[in-house]
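Along the sequence shown, residues are numbered consecutively beginning with 1. What you see is a predicted model, and the numbers here were worked out from it, not measured in a lab.
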Amino acid sequence: MRARKKKWAPSELAENPMIIRNEAGQPINLRSYFNNSAPIHMEIGCGKGRFITESARRNPHINHIAIEREPAILAAAARAGVKAALDAEANAGEAVSLAFLLLDVNELAERLTPGEISRLYINFCDPWPRKKKWAKRRLTHEGFLRIYERLAIPEIHFKTDNRLLFEFSIESLSQAGWRMRNVSLDLHAHMPEDNIVTEYEEKFSVFGPIYRLEASPPSMHTI
């Protein structure tokens, strides 16, 4: 997803306190950034920030971070994150632990420290449907699953409205030895209380079912 240029985005990227700033190519230690021992949950691609922000608000005992490769999108999400944090404080709520990072998913294994991420959210990623060779760009392709394993991520939570992507993901996860659970072919038919509806989900769920699953890598179980 690409965003229109926003004149205020550069200053937001430079000044927003929730954005982690780092030099290109340098390692990023999230544990040091958050400076606590609480679990770290990460979302790949943050849209306007509703999901990761709401999750952080509901779970102040967990560190949350969203990565995004588009600067304008990250700036808008981080701005929303700061507003949510201020609203929580104004309503006498617990402080949220939330951060944003400008980073391409392909750089994850080289930039992050294995063992830091305890849960990965993949919400409504691009299904890359048009060309067969594009399958490797899907975030549930075996290449990305290897990245998640290298980072020792114990579980991923995946949502999509694209049935072909969901079927592809089940096959990819199965072939890679990942164990799936809580597989839903129509999430909104029996909406879980803890489901956080993303902006995309709210807009497109009226056109068809939302698919969801959770999965853990082979290293987390005995096959």
Side-chain angles (χ1 to χ4, degrees), residues 1-22 30 33-34 40-60 62-91 93-108 117 119-128 137-140 156-162 165-166 187-188 191-212:
M1 164 174 157
R2 291 189 175 275
R4 294 178 181 176
K5 291 184 178 180
K6 297 177 173 63
K7 293 182 179 179
W8 49 264
S11 60
E12 191 74 30
L13 292 170
E15 301 170 8
N16 190 297
M18 287 188 173
I19 296 177
I20 298 176
R21 293 168 185 84
N22 63 287
L30 297 179
Y33 175 82
F34 286 112
I40 300 174
H41 290 184
M42 172 180 282
E43 181 184 21
I44 297 179
C46 56
K48 295 180 180 179
R50 178 195 288 184
F51 177 86
I52 199 70
T53 298
E54 177 62 15
S55 185
R57 187 192 67 79
R58 293 187 190 183
N59 305 281
I62 295 174
N63 300 311
H64 288 77
I65 181 168
I67 67 167
E68 173 60 55
R69 67 178 183 178
E70 293 290 341
I73 295 176
L74 186 83
R79 173 179 279 192
V82 169
K83 182 180 183 303
L86 293 174
D87 288 346
E89 291 180 11
N91 293 314
E94 293 187 62
V96 300
S97 182
L98 177 61
F100 297 85
L101 177 63
L102 189 64
L103 185 69
D104 191 289
V105 63
N106 291 288
E107 300 178 63
L108 278 179
I117 307 301
R119 180 180 295 174
L120 183 67
Y121 292 105
I122 305 174
N123 295 319
F124 303 96
C125 61
D126 194 329
W128 294 104
R137 302 183 184 182
R138 297 168 184 163
L139 295 182
T140 51
I156 63 173
H157 289 199
F158 173 67
K159 285 198 291 188
T160 183
D161 63 332
N162 188 289
L165 175 60
F166 195 66
L187 182 64
H188 288 204
M191 182 80 82
E193 291 184 3
D194 62 349
N195 182 56
I196 297 174
V197 178
T198 71
E199 298 95 345
Y200 183 97
E201 185 175 350
E202 181 177 59
K203 183 176 181 180
F204 288 94
S205 60
V206 297
F207 298 110
I210 300 300
Y211 308 99
R212 182 185 183 277

| query | Where is the tightest heavy-atom contact between Ile73 and Gly47, given as atom of each residue plus distance? | reply | CG2-O, 3.2 Å

| Min side-chain heavy-atom separation Met42-Ile67 under 4.5 Å | yes

| query | So do the side chains of His157 and Arg212 get within less than 4.5 Å of each other, counting heavy atoms only? | reply | yes

| said: Using modelled atom types and a 3.5 Å cut-off, is there a donor and acceptor pairing between side-chain atoms of Arg79 and backbone atoms of Asn16? | reply: no

| task | Measure the spacing between NZ of Lys159 and CD1 of Ile196 and express it to the nearest 0.5 Å. | result | 7.5 Å

| message | Looking at Ala72, is its backbone amide N or carbonyl O close enough to the side chain of Glu70 to form a donor-acceptor pair, meaning the two atoms are under 3.5 Å apart? | response | no

| remark: What one should report as the nearest heavy-atom pair of His64 and Asn59 is CE1-O, 3.7 Å

| task | Without swapping roles, check the side chain of Ser205 against the backbone of Glu201 for a donor-acceptor pair under 3.5 Å. | result | yes

| query | Do the side chains of Leu165 and Phe158 get nearer than 4.5 Å, heavy atoms only? | reply | yes

| request: Would you mind telling me which of Val96, Ile65, Leu98 makes a side-chain contact (heavy atoms from CB on, under 4.5 Å) with Ile52? | output: Leu98

| query | Counting only N and O atoms by type, is there a donor-acceptor contact under 3.5 Å from the side chain of Arg50 to the main-chain atoms of Val197? | reply | yes

| Got a second to check how far Leu101's CG is from Arg69's CZ, nearest 0.5 Å? | 14.5 Å

| message | Just verifying a value: how many Å separate Ile20 CD1 and Phe100 CZ, rounded to the nearest 0.5 Å? | response | 10.5 Å

| 4.5 Å side-chain heavy-atom contact, Leu103 and Asn22 | no

| request: Mind running side chain to side chain contact (heavy atoms under 4.5 Å, CB included) on Thr140 and Phe166 for me, showing each step along the way? | output: CA-CA 9 Å; Thr140 51; Phe166 195 66; over 6 Å; no

| said: Does any part of the side chain of Thr160, heavy atoms only, come nearer than 4.5 Å to the side chain of Cys125, both counted from C-beta? | reply: no

| field | Shortest non-hydrogen separation from Glu193 to Arg58 and the atoms involved | value | O-NH1, 3.8 Å

| task | Taking all heavy atoms of Gly81 and all of Thr53, pick out the closest pair and write down the distance. | result | CA-OG1, 3.8 Å

| message | Ignoring hydrogens, what is the shortest heavy-atom contact between Ile40 and Phe34? Give both atom names and the distance. | response | CD1-CD1, 4.0 Å

| Taking the side chain from Arg138 and the backbone from Pro127, do they hold a donor-acceptor pair closer than 3.5 Å? | yes

| query | Atom CD1 in Ile19, atom CG in Leu74: separation rounded to 0.5 Å? | reply | 5.0 Å

| query | Just checking, is any N or O donor in the side chain of Tyr200 or Asp161 under 3.5 Å from an acceptor N or O on the other one? | reply | yes

| said: As an exercise, state the distance from CH2 of Trp128 to CG of Leu139, rounded to the nearest 0.5 Å. | reply: 10.0 Å

| field | Separation between OG1 of Thr198 and NZ of Lys48, rounded to the nearest 0.5 Å | value | 11.0 Å

| request: Take Arg137 and Asp126 through the test side chain to side chain contact (heavy atoms under 4.5 Å, CB included) and record every step on the way to the result. | output: CA-CA 9 Å; Arg137 302 183 184 182; Asp126 194 329; over 6 Å; no

| field | Partner residues of Glu199 under the salt bridge (Lys or Arg N to Asp or Glu O under 4.0 Å) criterion, sequence neighbours left out | value | none

| query | Are the side chains of Leu120 and Ile44 in touch, meaning some heavy atoms are under 4.5 Å apart? | reply | yes

| request: Considering non-hydrogen atoms only, spot the tightest contact between Tyr33 and Ala99 and give its length. | output: CE2-CB, 3.5 Å

| task | Report the relative orientation of the aromatic rings in Tyr121 and His41; use parallel for angles under 30°, tilted for 30 to 60°, perpendicular for over 60°. | result | perpendicular

